[in-house]
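A short worksheet on the structure shown next.
Each chain gets a letter, A, B and so on, in the order the sequences are listed, and its residues count up from 1.
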Amino acid sequence: MQLYNTLTRQKEEFKQISDPVRMYVCGVTTYDEPHLGHALATVIFEVLQSYMQYRGINVKRVQNFTDVDDKIIDRAAENGVDWFDLTQEHVASFFEAMDGLNVKRADVHPRVTEEIDHIIALIDELVNSGAAYEAGGSVYYRVRRNEQYGKLSGRTVDGVAELARLEPDLLKEKPEDFALWKAWKPGEPSWDSPWGPGRPGWHIECSAMARRYLGDQVDIHGGGLDLVFPHHENEVAQSESATGVVPFARFWVHNGLLRMGGDQKMSKSLGNFVTVRDALKTYSTDAIRMWVFQSHYRSPATYDVENLVAAERAVRRLRQAAEAVNAGVGTGEAYDADHVRQRFVEAMDDDLNTPRALAAIFDLAREIFTEQAKGSDISDAQATLRELVGVLGLTLEEPESNDTTDDAKIEELIEKRQSARQDRDYSTADEIRDQLAEMGVEIMDTPQGTTWRRA
RNA sequence: GGCGACGUAGCCAAGCGGCCUAAGGCGGGGGUUUGCAAAACCUCUAUUCGGCGGUUCGAAUCCGCCCGUCGCCUCCA
């Protein structure tokens with residue numbers, strides 16, 4: 001399988017050197033509702049894992065929660081709530097959102113607040129080796145001591161130092177040094193440490209958690225493109241300084257950022273985000289996932305109502321194909337869908353090219369319909385369709401409706417219409433159909449009888 | 001200012017040197033089927049890939065310049 005590696009800026013053959021493959025994905029900071037950008041990132045790495053597993057490769061996926069940081073503290077203060085309560089609430093809302101999107105849990109979901117000992121131990125190592133230093137109760141990483149600093153993001157330390165809006169902190173040796181441990185300030189949560197009370201800096205947590213759950217090296221490290229600098233760059237620096245294992249991550253995989261119609265990225269700081277919860281009120285789980293897969297993971301995806309509606313209809317087509325009634329008599333010959341499976345695998349092997357994989361699936365859907373019309377046995381083809389679609393986490397289930405309309409009432413109307421049709425009383429039949437349509441019910445007359453669904 | 005990404009049909013989006021007179025989805029036109037619909041099927045919907053040059057036997061694909069859009073540069077998936 002080929003994967004694009006941010007570190008080398010090219011696609012590389014992924015070779016399994018550990019079993020299971022070790023995958024670390026940067027998770028969310030729990031101070032607000034997860035939005036569609038988080039959904040995008042999480043779904044992509046979930047599918048990378050499930051596709052690899054489909055190909056017979058075991059993958060252990062770890063995705064963290066950053067449950068203590070500046071934004072959480074600030075938000076809690078604004079809302080007058082306890083920071084830890086805020087954090088717990090949003091861990092829950094993250095899981096709720098991901099369940100809603102049919103995202104399988106990672107193998108481990110560590111939280112910073114539960115990893116403090118390991119974080120402190122890692123910082124301690126860095127201090128002892130001289131890679132970091134204590135100053136005023138905080139600990140900073142010596143960026144300039146690391147000759148390789150900048151290799152992931154393609155930046156030079158001078159470039160960073162010159163124009164970056166670096167924290168003015170007189171205690172630091174150099175402005176480009178970043179905090180591993182932040183000394184306690186009034187009103188902030190803190191833990192005891194060899195340097196006094198404080199809390200972890202933003203980047204060190206991931207190094208500590210990756211190491212604890214996956215070891216000194218990971219095979220795949222994922223996250224949004226916006227994390228490349230400084231977050232991932234700093235992770236590389238810390239981890240490699242501490243362990244001496246280079247590279248810390250063999251493959252850096254970054255997903256493109258989600259943009260809003262106005263071409264700006266969706267972000268909490270811009271306040272233009274759509275929460276997963278809201279999206280699920282209007283669109284089905286499958287539709288949202290379909291929308292994610294219809295563009296390549298490294299391209300920026302655009303959130304647009306039209307795109308979601310199109311995805312919803314596209315899913316409906318696949319559902320239709322999966323549920324098509326097997327004619328199975330005619331030639332009796334089973335239609336062979338194996339070539340589609342091959343196309344699917346080829347596409348996914350090429351840097352997780354989901355749009356191309358979907359193209360194969362849609363072609364299969366068309367073939368199912370045409371073969372059905374010919375009277376071929378389509379059950380194998382349908383099984384293949386479900387198999388491939390399953391790798392992408394699409395269920396093809398009818399979206400649940402919170403419509404309270406009584407099913408029995410609908411069935412009753414359909415029966416009434418059926419008898420009217422038998423009496424060739426088409427105007428009554430059409431009236432009933434209109435009536436059903438007003439109730440949001442669509443009906444379809446088939447040789448096997450009339451079926452219906454909520455529009 | 002530095003680093004980077006992108007610009008393909010009405011919309012979304014693959015393709016990244018010859019299999020491209022460019023996948024797939026949505027939308028739209030015409031036809032088949034249907035009592036009429038819905039669903040489905042068939043068919044049409046980019047001779048062209050932001051613009052201009054260049055490299056090459058050959059370019060949407062490589063190079064240069066220009067135009068436009070976006071991201072990162074210590075809050076961010």
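At a threshold of 4.0 angstrom between heavy atoms, the contacts of A:F178 include nucleobase atoms, whether or not backbone atoms are also involved. Using a 4.0 Å heavy-atom cutoff across all strands shown, A:N307 reaches sugar-phosphate atoms only and no base atom. Counting non-hydrogen atoms under 4.0 angstrom, A:S153 reaches the backbone sugars and phosphates but no base. When heavy atoms are screened at a 4.0 angstrom cut-off, A:A359 is found touching base atoms of the nucleic acid. Within the 4.0 angstrom heavy-atom criterion, only backbone atoms of the sugar-phosphate kind lie near A:G223; the bases stay farther away. Across all strands, A:L225 comes closer than 4.0 Å to no nucleic acid atom at all (heavy-atom distances). Contact annotation for A:D363: backbone-only contact, meaning every heavy-atom pair under 4.0 Å involves sugar-phosphate atoms and none involves a base. Note on A:G222: nothing from the nucleic acid sits closer than 4.0 angstrom, heavy atoms only. A:R155 comes within contact range of at least one nucleobase, with a heavy-atom separation under 4.0 Å. Residue contacts shown for A:D445 include a base, since a base heavy atom lies under 4.0 Å away. Contacts of A:T451 with the nucleic acid, taken as non-hydrogen atoms under 4.0 Å apart, are absent. At a threshold of 4.0 angstrom between heavy atoms, the contacts of A:R75 with the nucleic acid are absent.
For A:R317 and B:rC41, the shortest distance from a side-chain N or O to OP1 or OP2 is below 4.0 Å. Using a 4.0 Å cut-off, some side-chain N or O of A:N353 falls inside it from OP1 or OP2 of B:rG15. Distances shown here put every side-chain N or O of A:T354 at or beyond 4.0 Å from the OP1 or OP2 atom of B:rA13. The phosphate of B:rC36 has neither OP1 nor OP2 within less than 4.0 Å of any side-chain N or O from A:R433.
Nearest to the side-chain atoms of A:Y149 among the listed nucleotides B:rA77, B:rC75, B:rU74 stands B:rU74. Of the listed nucleotides (B:rC11, B:rG25, B:rA14), B:rG25 has the atom at the smallest distance from the side chain of A:A314. In the set B:rG4, B:rA77, B:rA13, B:rA13 carries the atom at the smallest distance from any side-chain atom of A:P355. Relative to the side chain of A:P230, the nucleotides B:rC36, B:rC42, B:rU74 differ in distance, and B:rU74 lies closest.
A:L152 has its CG atom 15 Å from the C1' atom of B:rU74, to the nearest Å. Distance, A:M98 CE to B:rA77 P: 11 Å, rounded to whole Å. To the nearest angstrom, P of B:rU74 lies 14 Å from CG of A:L227. One can place CZ of A:F229 at 10 Å from C1' of B:rC3, the figure rounded to the nearest angstrom. Atom P of nucleotide B:rC62 and atom CD of A:Q10 are separated by 15 Å, given to the nearest angstrom. Between the P atom of B:rA38 and the CG atom of A:D434 lies a distance of 13 Å, rounded to the nearest Å. Rounded to whole Å, atom C1' of B:rA14 lies 14 Å from atom CG of A:L352. Nucleotide B:rG71 holds its P atom 16 Å from the CG atom of A:N255, rounded to whole Å.
With hydrogens and angles left out, the side chain of A:D226 and the base of B:rC73 share no donor-acceptor pair within 3.5 Å. In this model, no side-chain donor or acceptor of A:R366 finds a partner on the base of B:rC41 within 3.5 Å. For B:rA23, the base has no donor-acceptor partner in the side chain of A:R356 [N/O atoms by modelled type, under 3.5 angstrom]. Between the side chain of A:R259 and the base of B:rG71 there is no donor-acceptor pair of N/O atoms closer than 3.5 Å. At a cut-off of 3.5 angstrom, counting only N and O atoms as typed in the model, there is a donor on one side and an acceptor on the other between the side-chain of A:D430 and the base of B:rG35.
Stem analysis of RNA chain B (at least three stacked-register Watson-Crick or G-U pairs, each with both distances under 3.5 Å) gives B:1-7 with B:67-73, B:10-12 with B:24-26, B:27-32 with B:40-45, B:50-54 with B:62-66.
Atoms CD and CD1, on A:Q49 and A:I44 in that order, are 14.5 Å from each other to the nearest 0.5 Å. Here the CH2-CD distance, from A:W252 to A:E235, works out to 4.5 Å after rounding to the nearest 0.5 Å. Atom CG in A:L180 sits 5.5 Å away from atom CD in A:Q238 (nearest 0.5 Å). In this structure, OG1 in A:T42 is found 8.5 Å from CG in A:L101, a value given to the nearest 0.5 Å. Note that the OH atom of A:Y133 and the CZ atom of A:R145 stand 11.5 Å from one another [nearest 0.5 Å]. The distance from atom CZ of A:F94 to atom CZ of A:F65, rounded to the nearest 0.5 Å, is 5.0 Å.
A cation-pi arrangement is absent between A:R61 and A:F45 under the rule of less than 6.0 angstrom and at most 45 degrees off the ring axis. Taking the ring centre of A:Y4 as origin, the terminal cationic atom of A:R298 falls inside the region bounded by 6.0 Å and 45° from the ring axis.
Checking A:D177, A:N146, A:N234 one by one against A:Y141, the side-chain hydrogen bond (donor to acceptor under 3.5 Å, both in side chains) holds for a single residue, A:N146.
Comparing the P positions of B:rU48 and B:rG10 gives an interatomic distance of 13 Å, to the nearest angstrom. With both ends at atom P, the span from B:rA9 to B:rA14 equals 13 Å, rounded to whole Å. Between B:rA60 and B:rA22, the distance separating the two P atoms is 11 Å to the nearest Å. Here, B:rA46 and B:rU32 have their C1' atoms 27 Å apart, quoted to the whole Å. Nucleotides B:rU8 and B:rU47 place their C1' atoms 14 Å apart, quoted to the nearest Å. Comparing B:rC42 with B:rC6, their P atoms are spaced 35 Å from each other, to the whole Å. If you take atom P in B:rG7 and the same atom in B:rG17, they sit 15 Å apart, rounded to whole Å. Annotation: B:rG4 and B:rC75 have their P atoms spaced 22 Å apart (nearest Å).
For A:E147, the CD atom is loosely surrounded, since the number of other residues' heavy atoms within 6.0 Å does not exceed 12.
Mapped onto RNA chain B by nearest heavy atom, A:G154 and A:A360 fall at different nucleotides, with A:G154 at the one closer to the 5' end. If A:R417 and A:H296 are placed on RNA chain B by their nearest nucleotide, the residue sitting closer to the 5' end is A:H296.
Between A:Y426 and B:rG35, a base-stacking contact is recorded: ring centres under 5.5 Å apart, planes less than 30° from parallel.
Here the two rings, on A:H203 and A:H232, have centers that are 6.0 Å apart or farther.
Although no hydrogens or angles enter the test, the distance criterion places no donor-acceptor pair under 3.5 Å between the side chain of A:H221 and the main chain of A:V218.
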